[in-house]
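Read the structure below first, then the notes.
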Amino acid sequence: MLDLDARIGQLARLQHGVVSTAQCSELGMRTRQVSERVRSGVLLRPFEDVVAIAAVPPTWKQTVMASVLAAGNDALASHRTAAYLWGLTSYKHPTIEIVMPRWERAFREFTVHESLDLIAEDRRETDGIPTTSPERTVVDLGAVAPWSVESALDTGIRKGLFEL
């Protein structure tokens, strides 16, 4: 059986080098053990409830994944962030955007959109990151970047991400 750090490392590899403290707990790592690894520099703490493997170079996708993990189980990368992840736009907006069910809004250093109508079909994953579906992403773009909807729709159809 793999030791604790190896199990955390395996999960982190699937999540761009980050894991939530809840995931650490599920794998058997106590809060004290997480804190010890942060103090020793083995782990970094980008958000209160998220740790990153210090040896993994930080990337934009790592920051997106950490943001989604920090916001909770129902959070998804969304709007302009999802559009970039799906390749619907070539512009990487500097602010990470996520969506989560209404009334579950968290604090954070990223933009949180709330929704009353998130359904199971809206939840997808791209490159290991929980993300709104391409269809939902195009609709959400209308709220924050309406000028990009037509282009994103055309790109999504061309790439076979959805049909009209």
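Note that the numbering runs from 1 along the sequence shown for the chain.
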Going through the checks in order, is the side-chain contact (heavy atoms from CB on, under 4.5 Å) test met by Gln23 and Leu69?
-> CA-CA 10 Å; Gln23 290 172 323; Leu69 288 172; 4.0 Å; yes
Under a 4.5 Å cut-off applied to non-hydrogen side-chain atoms, are Met65 and Asp127 in contact?
-> no
Flag side-chain contact, heavy atom, 4.5 Å: Pro101 against Leu118 | yes
Aromatic ring pairing Trp60/Tyr84, orientation class (parallel under 30°, perpendicular over 60°, tilted between) | perpendicular
Look only at the side chain of Trp86 and the backbone of Glu135, and say whether a donor-acceptor pair between them is shorter than 3.5 Å.
-> no
Spell out, yes or no, whether Leu85 and Tyr91 are grouped together once hydrophobic residues are joined by side-chain heavy atoms under 4.5 Å, including indirect joins.
-> no
Joint cluster assignment, Val112 & Ile129, ILVMFWY side-chain distance < 4.5 Å | yes
Less than 4.5 Å apart, any side-chain heavy atom of Val56 and any of Arg13?
-> no
Would you say Ser25's side chain and Thr21's backbone share a donor-acceptor pair under 3.5 angstrom?
-> no
If you take all heavy atoms of Val50 and Ala66, which pair is closest and at what distance?
-> CG2-O, 3.6 Å
With distance as the sole test, does Arg7 use its side chain to make a donor-acceptor pair with the main-chain N or O of Leu27 at under 3.5 Å?
-> yes
Taking all heavy atoms of Thr59 and all of Gln62, pick out the closest pair and write down the distance.
-> OG1-N, 3.0 Å
Working to the nearest 0.5 Å, report the span between CE of Met29 and CG of Leu43.
-> 6.5 Å
Here the pair of heavy atoms bringing Ile98 nearest to Ser67 is CD1-O, 4.3 Å
Just by distance, with hydrogens left out, do Ser35 and Arg32 show a side-chain donor and acceptor under 3.5 Å apart?
-> no
If you look at every heavy atom in Ser148 and Ala145, which pair is closest and at what distance?
-> OG-O, 2.7 Å
Validation row: Arg80, Thr89 side chains within 4.5 angstrom (heavy atoms) | no
Would you confirm whether His79, through its side chain, and Thr81, through its main-chain N or O, come within 3.5 Å as a donor-acceptor pair?
-> no
Which heavy-atom pair separates Ala54 from Gly41 by the least distance, and what is that distance?
-> CB-O, 3.1 Å
Are the side chains of Leu76 and Val68 in touch, meaning some heavy atoms are under 4.5 Å apart?
-> no
Quick one: do Val38 and Leu11 end up in the same hydrophobic cluster if we chain Ile, Leu, Val, Met, Phe, Trp and Tyr together by side-chain heavy atoms under 4.5 Å apart?
-> yes
Take atom CG in Asp154; do more than 12 heavy atoms of anything else shown fall under 6.0 Å from it?
-> yes
Residue pair Asp5 / Arg37, side-chain heavy-atom distance below 4.5 Å | yes
Ser115 and Arg136 have their tightest heavy-atom pair at OG-NH2, 3.1 Å
Would His93 and Val144 satisfy side-chain contact (heavy atoms from CB on, under 4.5 Å), going step by step from the backbone distance to the final call?
-> CA-CA 11 Å; His93 195 267; Val144 295; over 6 Å; no
Is there side-chain contact between Leu88 and Leu161, with heavy atoms separated by less than 4.5 Å?
-> yes
Answer yes or no: does atom CZ of Arg123 have more than 12 heavy-atom neighbours from other residues, nucleotides or ligands under 6.0 Å?
-> yes
Has Glu125 got more than 12 heavy atoms of other residues, nucleotides or ligands less than 6.0 Å from its CD?
-> yes
Determine, using the 4.5 Å side-chain heavy-atom cutoff (strictly less than), whether Ile96 and Leu44 are members of one ILVMFWY cluster.
-> no
Between the CG atom in Leu141 and the CG atom in Leu153, the distance rounded to the nearest 0.5 Å is 10.5 Å
Sub-3.5 Å donor-acceptor pair from the side chain of Lys159 to the main-chain atoms of Gly87, do we have one?
-> yes
